[in-house]
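Notes to accompany the following structure.
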Amino acid sequence: AHLHDGDTVWLMDENGQLDIREVEVHYRGRDSVIVTSGLSNGEKLVVSSLPSPIAGIPIRSGNNESPAEEKRTNQAGEKERGTGGVKNVQ
């Protein structure tokens, strides 16, 4: 779900803007992918859906209302807090 058209991912850059980047996919499963190039440790992967993803638009993480507003839920079905719609790449 975090891999988009043309094997691209959405990242939040150091200026809080959307970076749309092509990555190299080594393996593609039903619920996961293994990316072999195009990402670095510590980069911020946008995991929320965006209505109109355009490179350079401002986005925010956390509990702020924004295009990157948190949409994930935990196993109990409760909304998770703290990371917004962004996860660190590891």
Side-chain angles (χ1 to χ4, degrees):
H2 308 312
L3 193 63
H4 303 282
D5 296 334
D7 289 345
T8 60
V9 294
W10 299 341
L11 300 166
M12 184 173 75
D13 70 15
E14 62 278 352
N15 298 315
Q17 296 177 331
L18 180 64
D19 178 15
I20 300 174
R21 186 179 307 165
E22 190 170 337
V23 294
E24 185 175 327
V25 177
H26 175 72
Y27 168 81
R28 188 184 317 265
R30 184 178 357 165
D31 297 324
S32 62
V33 295
I34 296 174
V35 173
T36 54
S37 67
L39 295 175
S40 298
N41 285 339
E43 290 188 305
K44 297 180 186 292
L45 181 67
V46 177
V47 296
S48 293
S49 62
L50 298 173
S52 299
I54 299 169
I57 62 170
I59 56 176
R60 292 179 285 192
S61 65
N63 294 323
N64 300 320
E65 289 185 27
S66 69
E69 183 179 356
E70 181 175 356
K71 304 240 185 249
R72 295 175 297 115
T73 57
N74 62 21
Q75 291 180 351
E78 300 168 332
K79 195 171 184 181
E80 293 181 349
R81 302 208 181 275
T83 59
V86 177
K87 287 185 177 180
N88 283 332
V89 174
Q90 298 181 358

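All values reported here derive from a predicted model rather than from experimental measurement.
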- Item | R28: partners by side-chain hydrogen bond (donor to acceptor under 3.5 Å, both in side chains), with sequence neighbours left out |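 Residues passing side-chain hydrogen bond (donor to acceptor under 3.5 Å, both in side chains) with R28: D7.
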- Has the side chain of S32 got a donor or acceptor atom that lies under 3.5 Å from a matching backbone atom of G29?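 Checking the backbone N and O of G29 against the side chain of S32, no donor-acceptor pair under 3.5 Å is found.
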- State, with a plain yes or no, whether a side-chain heavy atom of T8 is found less than 4.5 Å away from one of V23.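 They are not in side-chain contact.
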- Message: Do I34 and V25 make a side-chain contact, defined as non-hydrogen atoms from C-beta onward lying under 4.5 Å apart?
- Response: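 Answer no - side chains too far apart.
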- Query: With hydrophobic residues grouped by side-chain heavy-atom distances under 4.5 Å, do I59 and I54 end up in a single group?
  - Reply: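 In one cluster: yes.
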Show me, pair by pair, the donor-acceptor contacts under 3.5 angstrom made by side chains of residues 14-21, not counting sequence neighbours?
unit_1: D19; atom_1: OD2; unit_2: R21; atom_2: NH2; d: 2.9
unit_1: R21; atom_1: NH1; unit_2: G38; atom_2: O; d: 2.9
unit_1: R21; atom_1: NH1; unit_2: E43; atom_2: OE1; d: 2.9
unit_1: R21; atom_1: NH1; unit_2: E43; atom_2: OE2; d: 2.9
unit_1: R21; atom_1: NH2; unit_2: E43; atom_2: OE2; d: 3.0

- From E24 atom CD to T36 atom OG1, the distance as rounded to the nearest 0.5 Å: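 Those atoms lie 3.5 Å apart.
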- Item | Verdict with supporting geometry, L45 and W10, side chain to side chain contact (heavy atoms under 4.5 Å, CB included) | CA-CA 6 Å; L45 181 67; W10 299 341; 5.8 Å; no
- How far apart are the closest heavy atoms of M12 and V46, and which atoms are they?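 Where M12 meets V46 most closely, the heavy atoms are N-CG2, 3.9 Å.
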- Message: Looking at every heavy atom in both V9 and H2, which two are closest together, and how far apart are they?
- Response: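 Between these two residues, the closest heavy atoms are CG1-O, 3.8 Å.
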